[in-house]
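To keep things clear, I will list the structure first and then write my remarks on it.
Quick note on labels: first sequence line is chain A, next is B, and so on, each numbered from 1. This one's a predicted model, so the numbers in the text were calculated from it and none came from an experiment.
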Amino acid sequence: MEKTIVIIDGNSLINRAYYAMQRPMITKDGIYTQGIFGFLNMLSKIEKDYEPGYITVAFDLKAPTFRHKEYKEYKAGRKKMPPELVMQMPLLKDVLRAMNIKLLEMEGFEADDIIGTVAREAEEQGLLPLIITGDKDELQLATDKTKVIITKKGISQFEIYDRKAMIDKYGFTPAQFIDFKGLMGDQSDNIPGLPGVGEKTAQKLILEYGSVEELIANTDKITSPKLKEKIEDNVQLAVMSKRLATINTNVPIDIDFDEFLLEEPDYDQLIEIYTKLEFNSFLKKLDKSAVKSAAQQTIIDTEAIEKTVIREPEQVHDLKLTEQISIKVLGDYNHVAAPKVYGIGILSTNGKYFYINCEKEETLLAAIDLFNEEKPCFIGHDLKNDYYMLMAYGLVSCSSCFDTAIGQYVLESGRSNYNLKTLAYEYFHESLEDEKEFFESNSQVDLFSDPTEIYSTYGLRWCATVLSLMPVLAQKTEDENLKQVLYEVELPLIEVMAAMERDGVTVDRKELTDLGEVITAQVETITQKIYDLAGESFNINSPAQLGPILFEKLGLTAGKKTKRGYSTSAETLEKIMDEHEIVPLILEYRTLTKLNSTYIEGLLPLIDENNKIHAHFNQTVTATGRISCTEPNLQNIPIRQAFGRQLRKAFVPEDDHHTLVGADYSQIELRVLAHMAEDPALIEAFNQGEDIHRTTAANVLGVPKEQITIEERSRAKAVNFGVIYGMSSFGLSSELHITRKDADAYIKAYFEKHAAVKTFMDEQVRLCKEQGYVTTIKGRKRYISEINASNYMVRQVGERLAMNSPIQGSAADIIKLAMIKVFQQIKEQGLKSRLILQVHDELIIETAEDEQDIIERLLVENMENAIDLKARLVVDLNQGKSWYDLK
DNA sequence: TGTCGCTGCAA
DNA sequence: TATTGCAGCGACA
C-alpha cells in the first residue's frame, strides 16, 4: 500500500494559526504561544485523519532567494511578522525537533520550492504526498497523487485539492495556475503580472489560450485592441511574472526519506518544552508513563502507605499526631446551612494515614478536641475550607504550615485555576481525579454500601498530593523571595478568613424586604411612565431594545457605540438628561432595579436560619493581593448614593448586646505611595495631618491652601486617584470632563511638584521591563507579561499595571497584617467580639457591648502600626447599631 | 445550558 | 483610552 507523506509549509501554517486564534495565548513568563498552539493542533488533526508514514516541515530562511536575484522587488512591501509571532518560530522548531520531525530549510530557496521538490521525489518513490499550507500558490503542485490542503477560516477547516479537484474548482490545471498567476500577478508577493489584468481577465485568457507562452504567440487573435496592446507591450513582464510564480521542484537538497519516517518523540525534551509553553492539554495527550518518568518530582506512592480507619471517639484520643499533618476534611457545605463533616483524612509526615469517619458526631468532636490539644500545624490545599467546616464544630487551633493553593498563588497571582488536580498535573504530570470524578468512578450502585472506603481513599490521594507538592512549592517560594509574603501574611491569614466566613454577618431580613417593597412600588410607577413616554412597552433592561427606542424612535442624540449597538450607559444617558424626560426616568429605573435584583433579591436567599450571611472570602483571586468576596459580594454594598446606602441598615449585630465597630484607613494607597516614592511633600502633608487633596491642589496650582475651592479640591482628588491608577491624560480628561490638553497640563504640573512620584513610577516600569514583575512592601510579586508587548496599547496597559500594583498590593499587605494581629489578639484575650468583614481599607468587628473600648483601641493600635511607613497610617473609627451608622 | 457583552456597585 | 473586583440581565449559540 502506498504511504502518505505529509509535507508542511511551516511559515505559512504558523502564520495562519497565529491569526486564527481568537485571543492571545501567553505564558506566565511572557512567551506568546498561540501560533505554536494552533500549529500543533492542526498537526495532530492531520496525523489523526491521514495516518501518514512520513512527515516533514519546510521553513523559509531569511536569506534572499533566487527570486530576489531575478526581481529585486520580490516580496517587497510585505507586512512584517509581528514580533509576538517571530519569537514563536524558534520555539516551534524546538517542539518539532523534540517530536523527531525532520525540518527542511535551504538558503536561496523558499519553503514552497523545497516542498515542491520533496513532493516530486516522493511521488517518484511511490509515496502519496500531502502538502499542508495556507498559501494558494502551492496549488500548482497538485497532481493525481499529490494533494494540497489549504487551511481555510482558522485552522479547523480546510480544503483539499488534487489535480481533478483543481480543475473542477478553477477550470484549469495546476500547471495553468502558474500562468494564471503570471498574468494576474500577486500583491502579497509583489509579483507584477500584466498591468490592468485582474482575476477575471486572467482566468478568461488562460481558459482561451492555455498558457502565457501560447497567449504571447497568439496575440493577433485577441479582439480587444487595448488588451492586445497591453499584452504585446508587456511580454517580458508576463514571462518574468510566470517565472517568479513557478515553484522550483528541483532544489538541490539531499533528501533521505528515512529521515521523514514518523517516530516516537523525545519525551524528555517534549515535556520540558510543553511545560515551558504551558501546553497542559498536549502534555495530557502524551504517553502517560513516559510523562511521569520525566517529571522532575514524584508524588508520594499512596499504595505504600499504611491506612487506618477510625470510627470511635476513644480511638481518636489514642491517635499520635506528628507536629505537621496534611489534612483533608470531607464534607458538605454551602454557607447557608451548617456544614456536614463525613470524615477527616490525615496524612502524617511519618507516612501514616488515618481516616476519621465522622458519622458519629462524638468522633468528630473528639478529633477536634485532639486538634485543639495537640495543636498540629496543618498542611492542606484550600485549608480555609477545612477550617471552615471544623470551626463549626469547635476547632480553635488552626496554625497553618502550608497551603499549596496559596503557595502557588504567591508564585503566580495572575492565574485563574489553583485546583489541586491542575497543580498535580503541572508538577508531577500525574492525573488526579477531582472530587466529582473520583466519586463517580468509585461509587457503587448499592446505596447501602459503606462509602467510607471511597472517602478514605480520596482523602489519602489528596493529602499525599499536597504533601508531595509542599516541598516543591516551599523551595520555589524561597527561590523567588516570597517567603515573607507567604509565611508572614498569607498563611496566618487563612484562619482569619475562615473565621470571618464562619461567624458571618447578621442581616435584618425585614429591613431588607421592606426596602424591597418600597423599591418595587417605585419601579412599577416608573416603568409605566417610561412605557407611556415611549409609546410602547419593552424591556428597559435590554440595551438592545432601549437603544433603538431612545435614539431612533425618540430621536435623541446617540453617544458612544458598543459592539452590539448604541451605548445606553449612565455616562451616555447623563449627557442627554435634558433632551427628553424619559432619560432621567430610565436612570432612576436602572438604579432601583439594580438595588432590587442585586442587593435585595440577590441577598435574601443567602441568609441562613440564624439570619446570617456567610460570604466567601477568596484569598487567591486578585492579581494584586487583595481579598475578594462572593456569594454575596459584601465588598460592594452601596454607600455613595443616599438611597442605596439605606441597604446598610439591614446589616446589623447579631443581638442587642453587640454593636458594630468599623475602622478604615485614611488614604492608605496615597500614604503607601508617599512612602514607596519617598516624596517629601506627600510625606510632610500626611504627617502634618493635612487634607491631602486640598494640599495637592494648593501645591499644583501654586495657591495657598485656604484659597482652594471645592471644585479645585475635587479635581486634585481625581488627580490623586489617577496617580495611583497609572494616570493617562485621556483617563483624567474623561473623569473630569476637561480637554486632554488641560488634563495633560495638570498631570505635568503634578509631576513637577512631586518629582519623586514621577521617578518612582518610571522606576516601577523600568524594573518591570527588566525582571518581568513588580513587588510590594512585603515582597509580593505580580508578573506583568504585557510590559514588553510590541502593541502600544497592550504595553501601555502593562505600564499602568506596573505603576498601580505595588501600591494596591502593598495596601493589601498592610491590612492583611492588621487583620492577623487583630484576630490573634481577640483570640489571645478571649474576647467575645468577632472580626466579620474586610472591605479593602476597612475592618468591621461585631463588638460585644462590654468590649467596645478595648476593641476600638485594638483596631486603631494594630491597624496604624501594622507596618512602619514614612507617611504614618491613620485610622478612622466608627460605631453603630447597623452598618449604615458607620459613617 | 453555558458564555459573552453590557451595565453598575464597591475600594 | 485610569486600578482591583462580583453579579444580574439579555442575547445568542
Inset, instruction - Assign A:Ile637 to base, sugar-phosphate, or nothing according to its heavy-atom contacts below 4.0 angstrom with the strands shown. - result: sugar-phosphate
Legend entry - Note, A:Lys887 side chain near A:Asn878 side chain (heavy atom, < 4.5 Å): no
Inset, instruction - Compute the centroid of each ring, for A:His840 and then for A:Tyr665, and state whether the two points are separated by less than 6.0 Å. - result: no
Inset, instruction - May I ask you to say what A:Arg590 touches in the nucleic acid, namely base, sugar-phosphate or nothing, with a heavy-atom cut-off under 4.0 Å? - result: sugar-phosphate
Inset, instruction - Look at all strands and tell whether A:Ala812 reaches a base, only sugar-phosphate, or nothing, counting heavy atoms closer than 4.0 Å. - result: nothing
Legend entry - Stepwise salt bridge (Lys or Arg N to Asp or Glu O under 4.0 Å) check, A:Arg694 with A:Glu712: CA-CA 8 Å; A:Arg694 179 171 293 274; A:Glu712 286 164 343; over 6 Å; no
Inset, instruction - Could you list the residues that satisfy salt bridge (charged side-chain N to carboxylate O under 4.0 Å, His left out) with A:Asp608, not counting sequence neighbours? - result: none
Legend entry - Separation of atom CD in A:Glu669 from atom C1' in C:dT4, rounded to whole Å: 9 Å
Show me the donor-acceptor pairs, under 3.5 Å and distance only, between side chains in residues 730-737 of chain A and residues at least two apart or in other chains.
residue	atom	partner	partner atom	Å
A:Ser733	OG	A:Ser729	O	3.1
A:Ser733	OG	A:Phe730	O	2.8
A:Ser734	OG	A:Gly731	O	3.1

Inset, instruction - Please work out if A:Lys594 contacts a base, only the sugar-phosphate, or nothing of the nucleic acid, heavy-atom cut-off 4.0 Å. - result: base
Inset, instruction - Any chance you could lay out the salt bridge (Lys or Arg N to Asp or Glu O under 4.0 Å) test for A:Glu786 and A:Arg795, step after step, and finish with the verdict? - result: CA-CA 5 Å; A:Glu786 295 93 331; A:Arg795 198 170 59 247; over 6 Å; no
Inset, instruction - Give one of base, sugar-phosphate or nothing for A:Ile639, where a contact means two heavy atoms less than 4.0 Å apart. - result: sugar-phosphate
Inset, instruction - Please state whether the rings of A:Tyr388 and A:His335 are parallel, tilted or perpendicular, taking 30° and 60° as the class boundaries. - result: parallel
Inset, instruction - Please report, rounded to the nearest Å, how far the C1' atom of C:dA7 is from the CG atom of A:Leu604. - result: 16 Å
Using residues 759-773 of chain A as the side-chain source, report each donor-acceptor pair under 3.5 Å to any protein atom, sequence neighbours left out, with the distance given to one decimal.
residue	atom	partner	partner atom	Å
A:Thr759	OG1	A:Ala755	O	2.9
A:Asp762	OD1	A:Lys758	NZ	3.4
A:Glu763	OE1	A:Arg766	NE	3.1
A:Glu763	OE2	A:Arg766	NH2	3.0
A:Arg766	NH1	A:Glu770	OE1	2.7
A:Lys769	NZ	A:Glu799	OE2	3.1
A:Gln771	NE2	A:Tyr773	O	3.2

Legend entry - salt bridge (charged side-chain N to carboxylate O under 4.0 Å, His left out) against A:Glu864, all qualifying residues, sequence neighbours excluded: none
Legend entry - Whether A:Phe721 and A:His693 hold their rings parallel, tilted or perpendicular, with breakpoints at 30° and 60°: parallel
Legend entry - Step-by-step salt bridge (Lys or Arg N to Asp or Glu O under 4.0 Å) determination, A:Lys560 to A:Glu571: CA-CA 10 Å; A:Lys560 285 186 297 192; A:Glu571 198 193 329; 3.7 Å; yes
Legend entry - Stretch residues 778-800 of chain A: residues that reach within less than 4.0 Å of DNA chain B through a heavy atom: none
Legend entry - Strand-adjacent residues in residues 617-626 of chain A, judged by heavy atoms under 4.0 Å from DNA chain C: A:Val621, A:Thr622, A:Ala623, A:Thr624, A:Arg626
Inset, instruction - Kindly indicate whether the side chain of A:Gln808 and the base of C:dT3 share any N or O donor-acceptor pair separated by less than 3.5 Å? - result: yes
Inset, instruction - Looking at every strand, decide which applies to A:Thr593 at a 4.0 Å heavy-atom threshold: base, sugar-phosphate, or nothing. - result: nothing
Legend entry - Residue pair A:Arg713 / A:Asp691, side-chain heavy-atom distance below 4.5 Å: yes
Legend entry - First-last contacting nucleotides on DNA chain B - partner chain A, under 4.0 angstrom, heavy atom: B:dC4 to B:dA11
Inset, instruction - Have a look at A:Glu842 and say if it touches a base, only the backbone sugar-phosphate, or nothing, with a 4.0 Å heavy-atom cut-off. - result: nothing
Legend entry - A:Lys649: salt bridge (charged side-chain N to carboxylate O under 4.0 Å, His left out) partners, not counting sequence neighbours: none
Legend entry - Rounded C1' spacing from B:dC4 to C:dA2 in Å: 24 Å
Inset, instruction - Please say whether the positively charged group of A:Lys561, taken as NZ for Lys or CZ for Arg, lies over the ring of A:Tyr566, i.e. under 6.0 angstrom from the six-membered ring centre and within 45 degrees of the axis. - result: yes
Legend entry - Gap separating the CZ atom of A:Arg780 from the OG atom of A:Ser413, nearest 0.5 angstrom: 7.5 Å
Inset, instruction - Scan nucleotides 8-13 of chain C nucleotide by nucleotide, 5' to 3', and note B when protein non-hydrogen atoms come under 4.0 Å of the base, S if they reach only the sugar-phosphate, - if neither. - result: SSSSS-
Legend entry - DNA chain C contacts made by residues 755-773 of chain A, counting heavy atoms under 4.0 Å: none
Legend entry - Side-chain H-bond candidate by donor/acceptor type, A:Glu84 with A:Ser790, under 3.5 Å: yes
Inset, instruction - Test the A:Arg645-A:Phe643 pair against the cation-pi criterion, namely NZ or CZ under 6.0 angstrom from the six-membered ring centroid and within 45° of the ring axis. - result: no
Legend entry - Residues in contact with DNA chain C, drawn from residues 726-750 of chain A - heavy-atom cutoff 4.0 Å: A:Met727, A:Phe730, A:Leu732, A:Glu735
Inset, instruction - Can you tell me the distance, in whole Å, between the CG atom of A:Asn804 and the C1' atom of C:dT3? - result: 4 Å
Legend entry - A:Val719 side chain near A:Ile747 side chain, heavy-atom distance below 4.5 Å: no
Legend entry - Pair listing, salt bridge (Lys or Arg N to Asp or Glu O under 4.0 Å) test, anchored in residues 572-598 of chain A, at least two apart: none
Inset, instruction - Whole angstrom is fine here: how far is it from CD1 in A:Ile724 over to C1' in C:dT3? - result: 9 Å
